[in-house]
Amino acid sequence: MIEVENLFYSYTHDENYAVEGISFEIDEGEIFGFLGPNGAGKSTTQKILTGLLPIQKGKAIVAGEDITKVSGSFYNMIGVSFEQPNVYMKLSGYENLKFFASMFDVTTEDPYELLRLVGLEEVAHNKAKTYSKGMLQRLVFARSLINRPKIWFLDEPVSGLDPTAAAQIKELIKRKKEEGITIFLTTHNMHVAEELCDRVAFIDAGKIVLIDTPRNLKLRYGERLVKVEYKSDGKVERELLSMAKTTDIEKLNGLINSGKIETIHSMEASLEDIFIKVTGRGLL
Amino acid sequence: MMFKRILANVIKDIKLGWRGYFFLIVVGVALGYFLLISFVIPDEVEDGLKLVVYDKAEIILFPESENLIIVGSREDLEKEMKKDFNIIGVIVNASEKPNIELVFQGYESERTKEITKLAISKLFTDGAKNDKNVTIETLNPEISKKIPMNKWFLPVLLLMEAVLLGVVLVFAMSISEKTEKTQTAYMVTPGKALENLLGKIILFEVLGLLFTYILTPLVLGTDANYLFLTLVVLIGSFFATSFALIFATFYDNMSQALFPMMVAALFFALPVVSYLFPAFKPVIIRLIPTYPILIALKEAAFPWYIGSVNWQLLLYPLIMGALSFWLATVLYTKNARRG
Ligand SMILES: Nc1ncnc2c1ncn2[C@@H]1O[C@H](COP(=O)(O)OP(=O)(O)O)[C@@H](O)[C@H]1O
Ligand SMILES: [Mg+2]
């Protein structure tokens, strides 16, 4: 559904790239995640793929159309959710959805139904400027579904939401995937990537470092860890030991034999641990 | 499909305009101006009698004073009259009996003229019975049919508010859209820049006509040529709003935009100077598209002394409006893509 080849983008039109030679493919019905810290180039990539930024170098084909040549009808097929709450603040949530629905040539969703799905039905007729940050984000999210898109672009769909709202949105994304739509999702949250995505691309400083399923990433790069708490000279010490390092294994054995261990947990590496291992930096 | 989108944009912009109190402002300003015209600006300027005298007969005995200027030629006399539009010209011709010519500006009422005539003939001749010797001439004959001073301002007010209103408010609207970044959201729909901008054009057409239809009947009753007036306001507002839309794309916040916005509004108001002082109309001013609009507004407001209206006046502003609108759509697309 999406093919990207050697894409570059520089806001300053020089060697200072926001996106630097990225390539990937997304299959129909797949949720593809872009995981990386702030400033990695996730939003820039999404803007190029939705035609909001021009292609400077490289190639991008979305739903069979070369993105440099798309016309108005292309936008009937895609849905785009933004990081910023770009809605008309003087219009109500309902009026915002109604207005954007009128822009499409295809059958659109009922604005009330969408507002209900994201938990905004009670404030449907309040002006958007009275909404909280999280409510605005949910409105932008709901708006991206108004034209029943085949390809859905989600820029940080749950960042800034409280856990209940985030769970609601994640459920909705899973349901849409079951309906067969293709989803491009950016996030700096490893849990979101792990829970939702079929495949994840690690992006750092404009470059894709690796692409794989969360499970494969863990098998390939994740080291199993053991967290132990033990008594030493009357104080409780905590330590994280890797099962991939012989020195750590010997240390664990020593602790077990000494009988000083108070608690012991085995831990799976998170996507963030792997991200740090591969890129040398964290996600925040 | 295109029509559906234009309609949705118009409804949205009218809602935004309503909630931004644009309609209230327009009605308030129109009523305010009506009060101003009715009770504050006088029907005529009565500022004592101020004379400029060209004395060919050399019989004047009075010295120059604040209210009396003596000049040596007819050209100088007209020059003085252009400097001060309250002044009345007097030419004393050399002949057996002094023969007096009065030169009026054209704004003066019949009463002023009569009083002047009487006073002058008393001064220079042996009495009112000789007033046959006084002839009257008017510098600006087109305004001599006594349009009262206060009504004379109506076309200016129509230009400033009905036509140029959009200039200020469209800045406010575009900047609020930029802050909200709604243009970006609009760009990922099949909606076109043209459809979006037409919403604003039509909102300001509606507001311009609202102002016109409130103030004009209050001031002129049924005397105006309302068909022509409607057309002039539509075209004038189309031009001014389109032009402002071009400018608005360059600014991201109100404090940045304030100064250029004022400059743009003042620039478009320049033809008012030529309107108030008809002798002053350099090419530069006549090239500003609001110049023919102001002339056309005058024709629409006072059809009874101009005779026929000149539809061709509207061609230039219409063409300039279409060009500006086209440029505004190009810039809109560019601008939204950048953000
Ligand atoms: N409009 C812009 N103008 C200039 N630089 C920008 C702009 N938007 C983003 N950038 C820069 O491009 C890089 C990538 O940004 P972005 O794609 O927004 O990252 P992410 O979405 O991963 O946080 C960052 O260094 C950011 O500062
Ligand atoms: Mg981002």
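Keep in mind that this is a model prediction, so the values were computed, not measured. In what follows, every chain begins at residue 1, and chains take the letters A, B, ... in the order their sequences are listed.
- Neither the backbone nor the side chain of A:K98 comes within contact range of chain B; no heavy atoms are under 4.5 Å apart.
- Within residues 3-14 of chain B, the residues having any heavy atom under 4.5 Å from a heavy atom of chain A are, by residue number, B:K4, B:R5, B:A8, B:N9, B:K12.
- Atom NZ in B:K192 sits 10.5 Å away from atom CE in A:M103 (nearest 0.5 Å).
- Under 4.0 Å is where a charged nitrogen must lie from a carboxylate oxygen, and between B:R19 and A:E95 at least one such pair does.
- The two residues A:Y75 and B:P190 come nearest to each other via the heavy atoms CB-N, 3.7 Å.
- Contact between A:N86 and B:T182 at its shortest, heavy atoms only, is O-CG2, 3.8 Å.
- The two residues A:Y88 and B:L16 have their closest heavy-atom pair at CD2-CD1, 3.9 Å.
- Around atom NZ of A:K170, more than 12 heavy atoms belonging to other residues, nucleotides or ligands sit under 6.0 Å away.
- B:T189 OG1 to A:I146 CD1: the interatomic distance, rounded to the nearest 0.5 Å, is 11.5 Å.
- A:D66 pairs by the salt bridge (charged side-chain N to carboxylate O under 4.0 Å, His left out) definition with A:K69, not counting sequence neighbours.
- Under the 4.5 Å side-chain criterion, counting only non-hydrogen atoms from C-beta, B:K15 is in contact with A:L91.
- Around atom CH2 of B:W311, more than 12 heavy atoms belonging to other residues, nucleotides or ligands sit under 6.0 Å away.
- The main-chain N or O of A:M89 is found under 3.5 Å from a side-chain atom of B:E180 such that the two form a donor-acceptor pair.
- With a threshold of 4.5 angstrom between heavy atoms, A:S43 does not approach chain B through any atom at all.
- Not counting sequence neighbours, the partners of A:E171 by the salt bridge (charged side-chain N to carboxylate O under 4.0 Å, His left out) test are A:K174.
- Open room surrounds CZ on B:F247; 12 or fewer heavy atoms of other groups in view lie less than 6.0 Å from it.
- Identified by a heavy-atom distance below 4.5 Å to chain A, contributing residues of residues 230-246 of chain B are lacking entirely.
- Counted within 6.0 Å of CE on B:M160, heavy atoms from surrounding residues, nucleotides or ligands total 12 or fewer; the atom is thus considered open.
- By the neighbour-count criterion of 12 heavy atoms within 6.0 Å, atom CD of A:E28 is sparsely surrounded, having that number or fewer from other residues, nucleotides or ligands.
- Contacts of B:E195 with chain A are absent, with no heavy-atom separation under 4.5 Å from either backbone or side chain.
- B:A185 approaches A:F82 most closely through the heavy-atom pair CA-CE1, 3.9 Å.
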